[in-house]
Amino acid sequence: MTNSQTEHKLTLRNLRIEDYDRIRELSGRVYRAVSEPWEQHEIAAMIERFPEGQICIEDKGRVVAAALTMMLQSSVIEKHHTYEDLVGDGTLRRHDPEGDYLYGIEVFVDPDYQGMRLGRRLYDARKELCESLNLKGIVLGGRMPGYRKHADDMGPQEYIRRVKNREIYDPVLSFQLSNDFHIKRLLRGYWKEDTQSHGFAVLLEWVNISYEKTTRLIGGVKSIARVGVVQWQMRRFPTFEDFMQQVEFFVDTVSDYGSDIILFPELFNAPLIHQYEDQSPWEAMRSLAGHTDRLRREMLDMAVSYNINIVTGSVPEIREDGQLYNVCYLCRRDGTWDSQYKLHITPDEQASWGLTGGESLKVFDTDVGKIGILICYDVEFPELARLQSQRGMKILLVPFWTDTKNAYLRVRRCAQARAIENECYVAISGSVGNIPKVETMGIQYSRAAVFTPSDFSFPHDAIAAEATPGVETTLITDLDVELIQELRLQGSVRNAESRRTDLYDLRWLHD
């Protein structure tokens with residue numbers, strides 16, 4: 001018998017926004033007595049923030065079952081909570097990419113497919129995802145709709161005990177217990193709209209026996225990140241080797257203090273441009289790009305040798321398309337590297353050097369957590385840092401180059417705003433001094449700094465450290481990454497959580 005003649009052809013896959021109409025129909029049918037169907041912007045936000053956690057089963061191209069999931073820290077789950085506390089407006093604001101548990105939001109199966117064990121398939125898929133992400137387990141608030149028939153005869157604890165002992169069958173709780181979930185405790189007032197369960201739920205856990213606890217020695221993430229910021233002196237270097245000797249001096253010095261990251265400024269290799277004084281600024285910048293591959297290789301070697309993650313500032317690069325770009329490299333101390341291109345090019349950079357903007361925005365995994373990089377002008381566009389924050393970024397690094405104080409203040413004040421509105425740390429690194437007889441790069445102004453959110457756990461002025469203007473120096477600052485997570489959950493104000501995504505939203509259009 002061919003597939004076209006079979007009654008069903010079931011496929012397990014991740015949800016796509018094109019599935020929304022069917023998801024709305026299914027959730028409306030299954031949960032019509034409890035809640036309204038999911039809105040399109042909610043499903044879109046779930047797919048954007050945690051695509052692998054949104055799973056469905058289709059039958060010959062038609063979605064017939066789905067499971068919605070997020071990641072959370074165990075410390076959040078252990079506190080008394082309601083469905084609203086964690087799921088909120090349905091856009092996964094509380095999803096934590098660094099969480100240690102999967103949290104089951106909802107499972108629904110087309111009533112016409114009851115008896116085909118599709119719910120079990122979805123639960124098995126969640127378990128596989130949990131194992132692949134090396135999480136401790138899966139936790140969910142289990143409904144107990146059968147309780148409505150027994151509420152006059154017994155309390156919720158007694159009902160749960162009898163369901164567990166198989167003396168009473170509950171259509172939801174019995175199913176979850178049969179899928180190897182065990183009872184942790186009763187949740188009172190978990191979902192007030194769930195009148196069938198009288199608002200009660202059971203906190204259930206499935207334990208991932210394959211979970212392996214990581215430590216700092218085998219690649220764990222440190223909770224305190226020591227960040228070194230270089231305020232770089234622009235001056236003429238006779239050769240590339242002389243320039244790299246000064247770079248290595250700072251890497252050596254900052255690493256001696258046990259730093260995890262060192263940040264250099266934008267276009268900090270510009271002193272070498274004096275070698276091309278007979279060329280136009282456009283030609284000279286392209287000639288300077290000839291040093292870029294070697295610079296990246298040598299700084300990657302330093303990252304390994306000095307055991308420090310190096311954010312190389314930025315340098316010009318000519319790509320395969322023949323265009324000139326402004327790129328910042330992340331050279332990790334494990335020997336790997338990645339890059340972030342400047343996306344927004346200033347009018348002067350385009351006119352003087354012919355620079356082209358990049359097309360990709362990244363968040364980088366490091367051994368001190370997720371970091372983002374925005375080069376100078378890019379930090380003046382709040383959408384970029386917001387997108388990075390939504391992807392888990394907790395430290396934003398901004399290499400910049402400004403010639404005057406008013407230009408510097410644009411970068412500084414925007415960086416401070418990014419720290420407050422995204423509840424993250426922001427470090428900025430610029431250059432001082434001048435390069436005589438070099439057109440378009442004569443003077444520099446900088447006051448390197450590290451900014452924090454503005455709340456009780458942070459400095460009163462939201463500044464962790466700042467340099468003296470006009471002086472070559474370094475800042476070395478300890479940043480408590482775990483404080484960021486606490487702030488996002490319990491801060492005086494919670495900018496990320498309070499966004500009115502029912503009125504507006506933000507998404508990245510370019511793949």
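Here, residue 1 is the first one in the sequence, and each next residue gets the next number. Since the model is a prediction, treat every value here as computed from it, not as a measurement.
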Polar side-chain atom of Asn179 near backbone of Phe175 as donor-acceptor pair, under 3.5 Å: yes
So [Y] and [X], do their side chains get closer than 4.5 Å, heavy atoms only?
{"X": "Phe458", "Y": "Phe451", "value": "no"}
{"X": "Arg391", "Y": "Trp508", "value": "yes"}
{"X": "Pro171", "Y": "Pro145", "value": "yes"}
{"X": "Arg121", "Y": "Ile57", "value": "yes"}
{"X": "Glu131", "Y": "Tyr211", "value": "no"}
{"X": "Gln388", "Y": "Asn422", "value": "no"}
{"X": "Leu267", "Y": "Pro316", "value": "yes"}
{"X": "Ile310", "Y": "Met302", "value": "yes"}

Can we say [X] and [Y] salt-bridge, meaning some charged N sits less than 4.0 Å from an Asp/Glu carboxylate O?
{"X": "Lys394", "Y": "Glu98", "answer": "yes"}
{"X": "Glu58", "Y": "Lys9", "answer": "no"}
{"X": "Asp85", "Y": "Lys79", "answer": "no"}
{"X": "Glu158", "Y": "Arg161", "answer": "yes"}
{"X": "Arg488", "Y": "Asp96", "answer": "no"}
{"X": "Asp100", "Y": "Lys136", "answer": "yes"}
{"X": "Arg148", "Y": "Asp194", "answer": "no"}

Are more than 12 heavy atoms from other residues, nucleotides or ligands located less than 6.0 Å from atom [atom1] of [X]?
{"X": "Tyr504", "atom1": "OH", "answer": "yes"}
{"X": "Leu503", "atom1": "CG", "answer": "yes"}
{"X": "Lys362", "atom1": "NZ", "answer": "yes"}

Separation between [atom1] of [X] and [atom2] of [Y], rounded to the nearest 0.5 Å:
{"X": "Leu263", "Y": "Ile373", "atom1": "CG", "atom2": "CD1", "answer": "8.0 Å"}
{"X": "Arg162", "Y": "Leu173", "atom1": "CZ", "atom2": "CG", "answer": "14.5 Å"}
{"X": "Phe200", "Y": "Leu186", "atom1": "CZ", "atom2": "CG", "answer": "6.0 Å"}
{"X": "Leu12", "Y": "Leu122", "atom1": "CG", "atom2": "CG", "answer": "6.5 Å"}
{"X": "Ser429", "Y": "Ile262", "atom1": "OG", "atom2": "CD1", "answer": "8.5 Å"}
{"X": "Ser314", "Y": "Glu266", "atom1": "OG", "atom2": "CD", "answer": "4.0 Å"}

Verify whether one side chain among [X] and [Y] offers a donor that lies under 3.5 Å from an acceptor in the other.
{"X": "Tyr113", "Y": "Asp59", "answer": "yes"}
{"X": "Asp89", "Y": "Thr91", "answer": "yes"}
{"X": "Asp367", "Y": "Asn309", "answer": "yes"}
{"X": "Arg494", "Y": "Ser498", "answer": "no"}
{"X": "Glu317", "Y": "Tyr341", "answer": "yes"}
{"X": "Glu349", "Y": "Tyr377", "answer": "no"}
{"X": "Asn134", "Y": "Glu212", "answer": "no"}

Met393, Lys370, Met71 screened by side-chain contact (heavy atoms from CB on, under 4.5 Å) with Pro97, the one that passes: Lys370
Does NZ or CZ of [X] lie under 6.0 Å from the centre of the six-membered ring of [Y], at an angle within 45° of the ring axis?
{"X": "Arg143", "Y": "Tyr83", "answer": "no"}
{"X": "Arg126", "Y": "Tyr123", "answer": "yes"}
{"X": "Arg296", "Y": "Trp337", "answer": "yes"}

Trace of the salt bridge (Lys or Arg N to Asp or Glu O under 4.0 Å) decision for Arg13 with Asp19: CA-CA 11 Å; Arg13 62 170 174 83; Asp19 302 317; 2.9 Å; yes
Chi angles and distances behind the salt bridge (Lys or Arg N to Asp or Glu O under 4.0 Å) call for Arg226, Asp260: CA-CA 5 Å; Arg226 179 164 293 179; Asp260 300 293; over 6 Å; no
Worked verdict on Arg22 versus Glu25 for salt bridge (Lys or Arg N to Asp or Glu O under 4.0 Å): CA-CA 5 Å; Arg22 181 61 176 154; Glu25 177 188 348; 3.1 Å; yes
Parallel, tilted or perpendicular: ring planes of His95 versus Phe50, cut at 30 and 60 degrees: parallel
